[in-house]
Number of protein chains: 2
Amino acid sequence: MRSYRQYCGLARALDVVGDRWTLLIIRELLIRGSSRYTDLRDGLPGIATNLLADRLNELEQAGLIQRSVASAGAALYELTPRGKELEDVIAALGRWAAPLMGRRSRGDAVRGHWLALPVQLYLADGAPNEPPVTLELRATGDSEPVTVEAANGAVRARPGRATLPDLVLAGPPEAIMSVLMGRVEIGAARRAGLQATGEPAVLQRLQRRAPNQ
Amino acid sequence: MRSYRQYCGLARALDVVGDRWTLLIIRELLIRGSSRYTDLRDGLPGIATNLLADRLNELEQAGLIQRSVASAGAALYELTPRGKELEDVIAALGRWAAPLMGRRSRGDAVRGHWLALPVQLYLADGAPNEPPVTLELRATGDSEPVTVEAANGAVRARPGRATLPDLVLAGPPEAIMSVLMGRVEIGAARRAGLQATGEPAVLQRLQRRAPNQ
DNA sequence: CCGGATCCGGGTTGATACTG
DNA sequence: CAGTATCAACCCGGATCCGG
């Protein structure tokens with residue numbers, strides 16, 4: 001991207017991350033941790049492969065990602081500490097977007113692991129002294145679930161299956177999203193196609209007191 | 001901009017504000033409040049006039065800005081409440097950009113009122129019970145200063161001249177920036193070309209306890 | 001002068017094909 | 001698997017023009 005050539009923090013930030021696709025690449029690396037080229041491409045439906053390669057080079061130049069070589073010779077990409085600091089930016093954008101997440105337009109791509117983003121925004125461990133609990137989220141149309149673990153006051157979300165989850169939420173991603181954000185009760189969400197198997201009380205523990213939107 | 005067509009909050013947000021220049025236009029409206037077309041163009045050096053017109057239309061469509069007509073028949077643009085909510089996003093980007101604000105490259109445009117952004121990020125009223133104080137910032141190369149007022153625990157920054165400021169900081173914008181961010185003492189900044197006239201203690205009151213960067 | 005609209009050249013993006 | 005190469009379509013920047 002051409003630089004804005006303005007001595008202003010916002011303009012400087014956008015010179016680095018304002019390009020199309022750039023912040024979405026950071027999103028992928030934040031959620032998945034270190035990733036291979038093909039993983040990134042799968043998590044960024046619609047991106048052209050040459051653009052992904054270009055952006056990865058630019059991000060490496062800018063010091064936001066690091067390229068390493070796995071044992072099998074496959075290239076691996078992961079965020080540097082400086083790149084991880086963009087988490088606050090992405091969180092702010094994600095929070096601002098909450099009112100835009102009502103209904104899913106047909107044709108919109110879905111990836112289960114994207115649910116890790118709202119999890120970090122809207123969930124917290126409300127009972128730090130209780131034993132850990134595990135929640136699994138399964139978006140319809142995606143084979144890869146997200147596992148949410150609450151323990152010692154912290155909530156972590158990661159792509160992948162849980163072993164012995166206390167609660168599993170499966171259904172359309174917008175229904176899962178509504179429940180996570182606290183806009184809908186879990187009972188009402190069943191009518192929107194949500195299936196909940198396990199211990200529903202897990203949700204009470206995880207939901208923040210002040211519901212968002 | 002083409003939609004990313006992803007059911008993900010970040011992608012939805014970028015569908016609306018991810019276009020080139022869009023967030024910088026929001027910056028202008030946040031700092032200046034309601035603005036005329038020409039004011040916006042002056043505050044966005046480098047923008048093509050047709051792009052500004054296009055973006056203003058898109059932003060109005062998206063419900064982020066509102067067009068009104070002033071008494072003299074001049075068009076006025078201002079943020080809607082929804083548009084103002086982007087302040088958190090811009091703050092996050094501005095904070096992330098702090099390490100990028102070291103030196104000014106030659107050719108970089110400067111506008112004095114852009115200093116209002118770091119003011120909001122790095123200053124606070126540390127003495128709510130004292131009488132109000134006023135600080136004026138004058139960036140070299142720009143005729144329009146910024147006025148900072150601290151009163152009752154709140155700090156406001158607005159473009160324009162102050163009446164009877166308690167302290168005036170004038171000099172290269174990067175020197176003013178360094179002092180605001182707490183990276184440099186006001187004495188050391190004099191060597192970088194900063195002129196301080198008035199009551200330096202004003203700065204102690206305004207600087208946050210934990211210095212940024 | 002204000003508030004744009006129009007036109008054009010060049011750079012960026014997107015889709016697909018191809019390669020080590 | 002991990003990208004390059006190619007090319008058309010679109011977007012951006014700069015200049016010009018135009019009605020109040």
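Throughout, a chain's letter reflects where its sequence line sits, starting with A, and its residues are numbered from 1.
Summarising the geometry, the separation between CG on A/L52 and P on D/dA2 is reported as 11 Å, rounded to the nearest angstrom. Look at CG on A/D54: it is 10 Å from C1' on C/dT13, rounded to the nearest Å. Atom CD in B/Q6 sits about 12 Å away from atom P in C/dG14, given to the nearest Å. Spacing between atom CG of A/L51 and atom P of D/dA9 amounts to 18 Å, rounded to whole angstrom units. The CG-C1' distance, from A/N57 to D/dT4, rounds to 12 Å in whole Å. In this structure, the CD1 atom of A/I47 is 14 Å from the P atom of D/dT4, given to the nearest Å. Separating the CG atom of A/L24 from the P atom of C/dG14 is a distance of 11 Å, rounded to the nearest angstrom.
For the pair A/R12 and B/W96, the cation-pi test (distance below 6.0 Å, angle within 45°) is failed.
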Within the sub-3.5 Å range, which N or O atoms of nucleotides 1-4 of chain C have a protein N or O partner, and how far apart are they?
{"unit_1": "C/dG3", "atom_1": "OP2", "unit_2": "B/T38", "atom_2": "N", "d": "3.3"}
{"unit_1": "C/dG3", "atom_1": "OP2", "unit_2": "B/T38", "atom_2": "OG1", "d": "2.5"}
{"unit_1": "C/dG4", "atom_1": "OP2", "unit_2": "B/Y77", "atom_2": "OH", "d": "2.2"}
{"unit_1": "C/dG4", "atom_1": "N7", "unit_2": "B/T49", "atom_2": "OG1", "d": "3.3"}

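Residues B/R20 and A/S3 come closest through the heavy atom pair NH2-O, 4.0 Å.
Mapping A/Y4 and A/N50 onto DNA chain D via the closest heavy atom, the residue that lands nearer the 5' end is A/N50. Nearest-nucleotide assignment on DNA chain C puts the 5′-proximal partner with A/R2, out of A/R2 and B/R2.
Using modelled atom types and a 3.5 Å distance limit, the side chains of A/Q6 and B/R27 yield a donor-acceptor pair.
Counting non-hydrogen atoms of other residues, nucleotides and ligands closer than 6.0 Å to CZ of A/R67 gives a total above 12. By the neighbour-count criterion of 12 heavy atoms within 6.0 Å, atom CD of B/E87 is sparsely surrounded, having that number or fewer from other residues, nucleotides or ligands.
Between A/L93 and B/V17 there is a side-chain heavy-atom pair separated by less than 4.5 Å.
Contact check, A/R20 against D/dC10: no side-chain N or O comes under 4.0 Å of OP1 or OP2. In this structure, B/W21 reaches the D/dG13 phosphate: one of its side-chain N or O atoms is under 4.0 Å from OP1 or OP2.
In this structure, B/W21 and A/Y4 have perpendicular ring planes: the angle between them is above 60°, well past the 30° mark.
Of the candidate nucleotides C/dC7, C/dA15, C/dT13, C/dA15 has the atom nearest to the side chain of A/A48.
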